[in-house]
K.L.:
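Take this structure first; my questions come after.
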2 protein chains.
Amino acid sequence: MLKEERQQLILEKLGTDKKVTLVELGQILNVSYDSVRRDVIELEDRGLLKKVHGGAIANSYLSMKASRGLGIANNEFNIITKKAQKLIENHSIVLMDGGTTNFYIAEQLPKSLEITVVTNNPHLATALAEHPKIEVILLGGSFYKRYQITLGNKTMQDLEHINADLYFMGINSIHSQKGLAIRQYEESLLKQKMMSVAKKTVSCVIEEKMNRIENYKVCDVDDLDYLVTSLNPNEKILQPFKGKSVEIL
Amino acid sequence: MLKEERQQLILEKLGTDKKVTLVELGQILNVSYDSVRRDVIELEDRGLLKKVHGGAIANSYLSMKASRGLGIANNEFNIITKKAQKLIENHSIVLMDGGTTNFYIAEQLPKSLEITVVTNNPHLATALAEHPKIEVILLGGSFYKRYQITLGNKTMQDLEHINADLYFMGINSIHSQKGLAIRQYEESLLKQKMMSVAKKTVSCVIEEKMNRIENYKVCDVDDLDYLVTSLNPNEKILQPFKGKSVEIL
DNA sequence: CAAACTATTGCAATTTTTTGCAAATTCACT
DNA sequence: AGTGAATTTGCAAAAAATTGCAATAGTTTG
């Protein structure tokens with residue numbers, strides 16, 4: 001069995017199931033787990049999937065683009081999107097970075113909205129081509145394949161010239177004491193910069209990201225202006241955030 | 001067994017199975033593996049399949065034709081791509097802008113190539129994620145939805161800091177007297193800037209773009225260093241370009 | 001027609017890539 | 001904090017690719 005053949009099958013399975021375990025794959029493909037693991041690593045480097053402990057899950061951008069046409073609505077994302085939209089004023093300058101949640105919000109923006117979106121995420125830029133009234137500014141810099149965003153000095157410099165009204169910060173984890181954190185060091189710097197050039201910062205987090213702690217802290221919960229979740233305001237998981245200065249939606 | 005006969009059989013098998021291994025082919029065709037391997041290399045050069053370690057897999061957009069048993073003409077884009085690749089040296093900085101031809105060339109670049117690609121085309125950036133050894137720099141600026149590239153002052157400024165070795169210029173029309181032209185005024189300015197920051201400029205044009213005249217002239221044919229076409233060098237359509245200083249491939 | 005040239009093919013030696021194994025480490029979950 | 005599962009790392013065997021070379025067949029040229 002050819003390596004490419006295996007990888008193709010992995011992607012196919014991932015396309016239907018959204019997730020696979022290495023054990024599963026090893027059995028189906030009838031090769032050692034090591035080979036499967038190496039395949040998965042390779043595919044991750046190409047940005048075609050995301051590797052997790054014990055297996056892999058489908059690339060969020062790819063699967064979203066695929067599911068968009070089918071009208072498959074993800075409930076949690078939809079709730080968040082609805083709430084987030086209320087924060088966006090017409091004729092404002094909105095800063096958005098990478099991450100699935102931001103991508104989803106951008107896609108669902110009303111077609112009538114006249115705003116300028118500044119982003120370091122090319123997927124978001126191309127997706128917004130469908131919105132005739134939204135102007136898109138793409139931040140330049142070196143392109144990080146793994147996270148599919150631009151990063152680095154150039155991107156930071158570009159930001160100096162931006163004065164945004166609102167910043168949608170994508171985040172990997174949020175914790176009432178330890179604050180908001182992310183997996184990449186460089187990315188955490190960029191996010192801090194973005195906060196500094198925006199009047200207000202909002203973070204939209206899905207439930208699975210709450211009360212986890214990722215590697216690099218971006219800021220404290222108190223530094224946020226708004227926190228958007230899909231949860232009901234008096235869920236117990238939200239209680240630790242209540243005393244903070246952040247407004248919870 | 002004739003070479004042509006073998007190659008025909010390889011394509012047929014590939015049309016039905018989508019993949020073949022060299023061992024398999026060597027047994028069926030009853031020739032040395034070396035011969036099979038050379039056949040596969042030849043077919044890959046003509047863009048009719050994709051060679052991988054241990055065998056070959058079908059070229060998606062050609063497999064349909066092949067399964068119908070049609071004789072497949074060489075693909076115009078593939079011929080151009082092969083010629084264009086010869087111009088790219090390892091460890092060089094390559095500038096590429098928008099356009100289908102450039103996108104295709106980028107996609108087909110060998111996986112082993114170690115270069116830096118600078119582009120104002122987000123699609124190209126994400127497509128190049130498949131190439132682990134290629135570094136991608138995305139030029140920032142306002143995103144021009146119609147042509148899916150970034151454009152404007154910011155993009156121009158970003159270019160000031162680039163010293164590229166080679167520039168692949170996408171173009172809408174080429175004419176021996178009227179030069180190379182494009183539909184958008186802003187884009188023509190950008191292309192001129194790109195030429196000025198690259199040591200050499202190459203344009204890859206498909207036949208339908210030859211001897212037409214679009215709205216905004218970018219430069220004269222003489223200003224190009226290389227002109228890549230799918231045509232045979234002594235085609236009559238190429239004669240008017242012969243006296244020029246440009247090298248025709 | 002013969003000599004020179006070219007293209008094709010197979011073989012052998014060398015290098016590269018892939019693959020599976022095992023030991024040591026890290027991770028996730030109770 | 002401990003325990004089993006998953007991952008990482010180094011390593012070695014196997015498979016495949018590359019290269020140079022020589023033999024053969026086919027083509028061109030004088």
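This structure is a prediction, so every number in the text was calculated from the model and none was measured.
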K.L.:
I need the NE2-C1' distance between B:His53 and C:dT17, as an integer number of Å.
P.N.:
5 Å
K.L.:
For a quick test of reading the model, state the closest non-hydrogen atom pair linking B:Glu114 to B:Asn90 and the distance between them.
P.N.:
N-OD1, 2.8 Å
K.L.:
Indicate whether the side chain of A:Asn120 and that of A:Thr155 have a donor and an acceptor atom separated by less than 3.5 Å.
P.N.:
no
K.L.:
Any base atoms under 4.0 Å from A:Val52, or only sugar-phosphate, or nothing? Heavy atoms, all strands.
P.N.:
sugar-phosphate
K.L.:
Specify the residue among B:Tyr33 and A:Val36 whose closest nucleotide of DNA chain C lies further upstream toward the 5′ end.
P.N.:
B:Tyr33
K.L.:
Considering only heavy atoms of chain B and a distance under 4.0 Å, specify the first and last nucleotide of DNA chain D in 5' to 3' order that meet this criterion.
P.N.:
D:dA16 to D:dT19
K.L.:
Do A:Glu207 and A:Thr229 touch side chain to side chain, with heavy atoms closer than 4.5 Å?
P.N.:
no
K.L.:
Rounding to an integer number of Å, can you tell me how far B:Glu5 CD sits from C:dT9 P?
P.N.:
11 Å
K.L.:
Please state how far atom NZ in B:Lys3 lies from atom C1' in C:dT9, giving the value in whole angstrom units.
P.N.:
11 Å
K.L.:
For the backbone of A:Leu224 and the side chain of A:Thr201, can you confirm whether one donor and one acceptor N or O come within less than 3.5 Å of each other?
P.N.:
no
K.L.:
Let me know the distance between CG of B:Leu22 and C1' of C:dT16, rounded to the nearest Å.
P.N.:
15 Å
K.L.:
Quick one: does A:Leu29's side chain get under 4.5 Å of A:Ile10's, heavy atoms only?
P.N.:
yes
K.L.:
Rounded to whole Å, how long is the line connecting atom CG of A:Asp34 with atom C1' of C:dA23?
P.N.:
12 Å
K.L.:
Quick check on C:dT9: is either OP1 or OP2 less than 4.0 Å from any side-chain nitrogen or oxygen of B:Arg6?
P.N.:
yes
K.L.:
When the nearest nucleotide of DNA chain C is assigned to A:Leu2 and to B:Arg38 on a heavy-atom basis, which residue is associated with the more 5' position?
P.N.:
B:Arg38
K.L.:
Between B:Ile41 (CD1) and C:dT9 (C1'), how many Å, whole number?
P.N.:
14 Å
K.L.:
Pair B:Asp97, B:Asn102 - check side chain to side chain donor-acceptor pair (under 3.5 Å), show working.
P.N.:
CA-CA 7 Å; B:Asp97 57 13; B:Asn102 274 345; 3.0 Å; yes
